[in-house]
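Each chain gets a letter, A, B and so on, in the order its sequence line appears, and its residues count up from 1. In this text, all values refer to a predicted model and were calculated from it rather than measured experimentally.
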Amino acid sequence: MIRTFAKSFVLVSLAATTAFAAPTNAELKIGISQEFESLNPIIMSMSASAYMYRMVGRSLVNLTPEGKWVPQLAKEIPSIEKGTAKIIEEGGKKKITATWEIIDAAKWGDGKPVICQDFITSRTIATSNNVTVGEKEQWTQVEKIVIDPKNPKKCTFTYEKAKWDFYQLAQFFPLPTHIEEAVFKKYGSQKEGYEKNSNYVRNSTNPGLYNGPYVISEVRLGSHVSFAPNPNFYGKQPEIKKIIVKLIPNTGTMEANLRSGTIDMISTLGMDFDQALAFDKKAKAEKLPFDVHFVPSVTYEHIDLNLDNEILKDVKVRQALLLSINREDLVKALFEGKQEVAAHNVSPKDPWYTVDPKVVTSYRYSKRQAGKLLDEAGWKMGADGVRAKDGKKLVLQFQTTAGNKTRELVQVYLQNQWKQSGIEVAIKNEPARVFFGDTMTKRKFGAMALFAWVSSPENSPRSTLSTAAIPSSKNGYSGQNFMGWSNKTVDSNLDALDVEFSAVKREANVHNILKEYTNEVPVLPLYYRSDISVTPKNLKNYKMSGHQFYETNNVENWTLN
Amino acid sequence: MTAYITRRIIQTLIVIVILSYVCFYLMSLMPGDPVDMMVASNPKITAEDVIRLKQLYGLDQPTYKRYYSWVSSIAQGDLGYSRTYRIPVEELMGPRLWNTFLLSFISLGVSILIAVPLGIISALRPGSKTDYVVNFFSFAGISIPSFWLAIVLIILFAVKFPILPAGGTQTIGSDGLGFFSSLGDRAIYLILPVASLAIQQIGRFSRFTRSAMLEALRNDFIRTAKAKGLDRQVVIWKHAFRNALIPLITILALSFSGLFSGAILTETVFAYQGVGKLVYDSIIANDYNVAMISFVISVSMVLLMNLIADLAYGFVDPRISYK
């Protein structure tokens, strides 16, 4: 009996030690905590789907982790300087034509070549009124695609507007015409008919649907997706022979799954920041074979101020709000300095970023200066420690997404700091669904709303800063200028930015906008978030991007040696 | 009896239709429709996109028209399309309903098999050491939060002593295995979630059984049966337990009605591919078609199990008749 028990104990202990066996190139299991949908590139909208799709599908161009646009399926990026793109005038409107040529080796997983017709197919399907593509503009921006009669891989795109960023087609994915065209012809006239019957739904393991380094070998929605190397990939054959992306919806159990060997790494879409901080310490203390990565991202955590609020209409109050909070201390106390204080809405990863005092007004923590501004604005300190003006107390409502632990901690931290300046803050949080689906989109928030914007380098802030983007019933609540900020200088610079082909002048446009943004303080910048992931120590050539074009764009270079 | 069953089935159908409309209407009252959610997450969606999408989803129509359209599709066998997962609802829900059924049915079965004997033993020896021990563990089972218990089980059996998987439904790629290997594989993945659910249910059911048995054992006919010199086993099982069954049937029927509803916490913690989290996410994301189907299944199960319970009362207690 004792012998049997001892034997079992040894076996179990051995099993315990093998749980940390380093993964090899034979298989890599990645944990994610976000749900994913079917991987049809023109319809998918979830981050987890985009993360996975980059392993199996490539587009004409891509943005590198360094923030540089590089060709992917295209031989080169067309440009006006090289003469491969031209500004033309048609019907009194300025347009652009650009010649794209797909690399010769680019093939679908079934060996059929990727051709220009595949881009026409995706554009045709995406612009159909029966297909539920959210944002049509990314497809309609290309008005016409004309294929070179001598070369099916060469074509001319005509863009409906002459915009400088015409080549940024990272989400203009091709669809395999030889597979998907028949489905669209058969079901395209029915409402949602194409997406219900697309091969990405009905036959998702068909290798002909994919042109990336991997093809999908198994899909279980709500559980996992398995990937196998694509022998027809135009680039380097991937080193890792099998990748499994496994959904672990509870972030609290992510670490247990990693430690038990159920997964080998945690993706960018896997862990909460506080959990990553704790795990980083444990990994170092216990010498676990994992690296925890914290990479600055373009995600901008901030507080939108509702400029319809009578108190917040006064710029001095807005500036005082920013001066009253010690953001340096906040990131040290809550994030151990692993997230950077934000100066404005442009992140340090963006070539447009600047903290030049000639351009940007900075607001270093100064309770004294904040008090002075509030005094000037007529808000005098009361006996109860709360400022008041004309008998009305300085009370502001502060909202964010309920249940988001990090944001709720930040809220309490800031509430305490504002209290010291005589500003009372009433917290009223809501579930994310109500907060984003109603309160923000319909501008129902009382005064302050804490949330984040995810962007990409050199992205026009038109949708969040232009007057036309102030959500209202007239525009179907479609803009994201939730503050209701209207500034003529900003509007004119935004218009100029879109059509400015000189990089230097574009930077000047953005800096003009930043000047207004930091002077008028329609938003309180807090910090730029960091992306987090956990990888096995033996994973090489893994590089996180910090923007929405995930590290899986580089998956063929990953190796576990 | 047949007339009674027919009447109840008709009543059940009417209740399902009425409740489904109420639920559909309540969902439409929730702030933010699917297009509002899309707008909030994609700054590039234009006013034209909003109008187009609302028309496509039928969100520009009044609730009753949308409900009629949904019911018409169901009547034609089309359960609709999940706008979150971008696949037809039947394909999304079918395997998950089966997984949830397996998890709930096995845990319920295990709970009943353990809890009912424990409750009876406890009731037969009230105030004894056995009774105290059973009561202690029953209260412990009821009191432990399920998510906490689930995490403890994972840490113990998947991390400290890695003898069971931390989560999932089956080993990835195990589909090609033979029937028995697949069955064994599924069983291994069910151990921890079933244990996590069953420990709570055992506590609850053993308390109900104990109290129902104690109540039954206090009846005059039990004393009479004992006085008649009937065998102790006959007194316990034929007279006392049969009478204790009526409250138990009610509790069990209600428990069985939740077989397809899912155990959201357990499924989430164990990354088990069931309907619990799917239903929650579909409500949060305003994925009407998924949420409504799961609602109809839940309501139907409650009504069906209540009907079965009502019929079972008659078999257990001959004094009950159906008119």
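Of the listed residues (A:Asn197, A:Thr253, A:Leu221, A:Ile248), the one with the most heavy-atom contacts under 4.5 Å to chain B is A:Leu221. Looking only at heavy-atom pairs under 4.5 Å with chain A, the residue among B:Thr84, B:Asp281, B:Ile155, B:Val50 that has the most is B:Thr84. When each of B:Ser82, B:Gly274, B:Pro165, B:Ala271 is scored by its heavy-atom pairs under 4.5 Å with chain A, the top score falls to B:Ala271.
Of the inter-residue distances, the one linking B:Leu53 atom CG with A:Glu135 atom CD reads 11.0 Å to the nearest 0.5 angstrom. Between B:Ile154 atom CD1 and A:Ser260 atom OG the span is 8.5 Å, to the nearest 0.5 Å. Rounded to the nearest 0.5 Å, atoms CD1 (B:Ile51) and CG (A:Asn475) are 9.5 Å apart.
Contact annotation for B:Asp78: only side-chain heavy atoms (C-beta onward) come within less than 4.5 Å of a heavy atom of chain A. Contacts of A:Ser38 with chain B are made by both backbone and side-chain atoms, with heavy-atom separations under 4.5 Å. Interface residue A:Glu35: only side-chain heavy atoms are found under 4.5 Å from chain B. Neither the backbone nor the side chain of A:Lys29 comes within contact range of chain B; no heavy atom of the residue lies under 4.5 Å from a heavy atom of that chain. Heavy atoms closer than 4.5 Å to chain B are found in the backbone of A:Val131, but not in its side chain.
Considering all non-hydrogen atoms of both residues, B:Arg96 and A:Gly222 come closest at NH2-CA, 3.0 Å. Residues A:Phe36 and B:Tyr85 approach most closely at O-CD2, 3.4 Å, considering heavy atoms.
For B:Phe101, the CZ atom sits in a packed shell: over 12 heavy atoms of surrounding residues, nucleotides or ligands are nearer than 6.0 Å.
Contact annotation for residues 184-203 of chain B against chain A (heavy-atom separation below 4.5 Å): no residues qualify.
A donor-acceptor pair under 3.5 Å links the side-chain atoms of B:Arg52 to the main chain of A:Gly134, judged by distance alone. Distance alone, capped at 3.5 Å, is enough to place a donor-acceptor pair between the A:Lys191 side chain and the B:Leu56 backbone.
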